[in-house]
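Worksheet: the structure to be examined is printed underneath.
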Amino acid sequence: QVQLAESGGGLVQAGGSLRLSCAASGVTNSINEMGWYRQAPGKQRELVAIISSGGSTNYGNSAKGRFAISRDNAKNTLYLQMNSLKPEDTAVYYCYAERAFVGYWGQGTQVTVSS
């Protein structure tokens with residue numbers, strides 16, 4: 001099993017920045033794709049960004065040009081640098097990891113962007 005623990009969420013004003021972290025523990029060998037998803041109240045969970053084990057990235061439309069995903073495989077840690085934040089970015093952000101064809105989710109961290 002893989003356990004994922006997000007941190008770094010909080011309250012920020014529009015235009016500000018946050019850096020989210022996700023620490024993986026448990027059976028962390030051979031983790032393949034990792035990513036960030038978010039879910040706002042009353043909305044479906046949506047993809048923010050994903051990154052392969054080799055560092056290839058893909059972004060959801062709402063994140064392109066503003067967010068940057070990265071990972072440190074030696075530390076088993078995933079990051080999301082969030083810049084130029086907007087009120088519509090307000091959501092619970094979830095860390096995701098895939099290992100051995102099984103997906104795992106963190107418990108989420110709240111990001112609130114005020115105007």
Side-chain angles (χ1 to χ4, degrees):
Q1 293 272 37
V2 177
Q3 292 82 48
L4 303 171
E6 303 97 334
S7 62
L11 176 64
V12 65
Q13 292 185 347
S17 299
L18 284 174
R19 184 177 175 85
L20 306 183
S21 298
C22 172
S25 60
V27 186
T28 58
N29 64 299
S30 300
I31 291 178
N32 295 310
E33 183 180 270
M34 299 187 75
W36 292 96
Y37 293 73
R38 69 186 186 187
Q39 187 167 26
K43 299 180 66 177
Q44 291 187 323
R45 189 171 299 186
E46 66 172 342
L47 171 70
V48 177
I50 54 174
I51 184 168
S52 72
S53 61
S56 298
T57 60
N58 287 286
Y59 294 90
N61 289 333
S62 63
K64 291 180 179 178
R66 299 188 298 124
F67 297 175
I69 190 171
S70 61
R71 64 192 288 176
D72 187 333
N73 291 333
K75 295 182 178 180
N76 297 313
T77 303
L78 177 73
Y79 303 96
L80 182 69
Q81 179 66 47
M82 308 168 67
N83 300 321
S84 301
L85 284 163
K86 305 174 182 179
E88 50 263 45
D89 295 319
T90 296
V92 177
Y93 284 70
Y94 296 91
C95 179
Y96 168 85
E98 182 271 321
R99 179 187 181 277
F101 307 103
V102 177
Y104 299 89
W105 295 93
Q107 66 183 39
T109 184
Q110 176 70 48
V111 172
T112 302
V113 183
S114 65
S115 59

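What you see is a predicted model; the values in this text were computed from it and never measured. Here, residue 1 is the first one in the sequence, and each next residue gets the next number.
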For this session: Enter the distance from Leu18:CG to Gln81:CD here, rounded to the nearest 0.5 Å.
Result: 8.5 Å
Problem set entry | Glu6 (side chain) donor-acceptor with Gln107 (main chain) under 3.5 angstrom | yes
Problem set entry | Closest approach of Ser17 to Asn83 (non-hydrogen atoms, all atoms of both residues) | OG-OD1, 2.9 Å
Exercise. Is there a path from Tyr94 to Tyr59 through hydrophobic residues (I, L, V, M, F, W, Y) whose side chains come within less than 4.5 Å of each other?
Worked result: no
Exercise. Can you find a heavy atom in the side chain of Tyr37 that is under 4.5 Å from one in the side chain of Val92?
Worked result: no
Exercise. With Gln13, which of Pro87, Ser115, Ser114 fulfils side-chain contact (heavy atoms from CB on, under 4.5 Å)?
Worked result: Ser114
For this session: Would you check if Ile31 and Arg71 make a side-chain contact, meaning some heavy-atom pair closer than 4.5 Å?
Result: yes
Exercise. About how many Å separate CE of Met82 and CZ of Arg19, when rounded to the nearest 0.5 Å?
Worked result: 12.5 Å
Problem set entry | Within one Ile-Leu-Val-Met-Phe-Trp-Tyr cluster: Leu80 and Val111, side-chain cutoff 4.5 Å | yes
Problem set entry | Hydrophobic cluster identity match, Trp105 and Leu47, side-chain contacts under 4.5 Å | yes
For this session: Would you list the pairs meeting side chain to side chain donor-acceptor pair (under 3.5 Å) in which at least one residue belongs to residues 44-55, sequence neighbours left out?
Result: Arg38-Glu46
Exercise. Taking side chain as C-beta onward, heavy atoms only, is Arg99 less than 4.5 Å from Asn29?
Worked result: yes
Problem set entry | same_hphob_cluster(Val12, Tyr93) at 4.5 Å side-chain heavy-atom cutoff | yes
Exercise. Where the side chain of Thr28 meets the backbone of Ser25, is there a donor-acceptor pair that is under 3.5 Å apart?
Worked result: no
Exercise. Looking only at heavy atoms, what is the nearest atom pair of Leu4 and Ala97, with distance?
Worked result: CD1-N, 3.7 Å
Problem set entry | Taking every non-hydrogen atom, the tightest pair across Lys64 and Asn61 | NZ-OD1, 3.4 Å
Problem set entry | Test item: Tyr96 side-chain N/O and Glu33 main-chain N/O as donor-acceptor pair under 3.5 Å | no
Exercise. Can you tell me if Trp36 uses its side chain to pair, donor with acceptor, with the backbone of Tyr79 under 3.5 Å?
Worked result: yes
For this session: Measure the CE-CG distance between Met34 and Asn76 for me, rounded to the nearest 0.5 Å.
Result: 8.0 Å
Seminar exercise, completed: Between the OG atom in Ser21 and the CG atom in Leu78, the distance rounded to the nearest 0.5 Å is 8.5 Å
Seminar exercise, completed: dist Ile51:CD1 -> Asn58:CG (nearest 0.5 Å) comes out at 10.0 Å
Exercise. Within the distance-only criterion (no hydrogens, no angle test), does the side chain of Thr90 pair as donor or acceptor with the backbone N or O of Val113 below 3.5 angstrom?
Worked result: yes
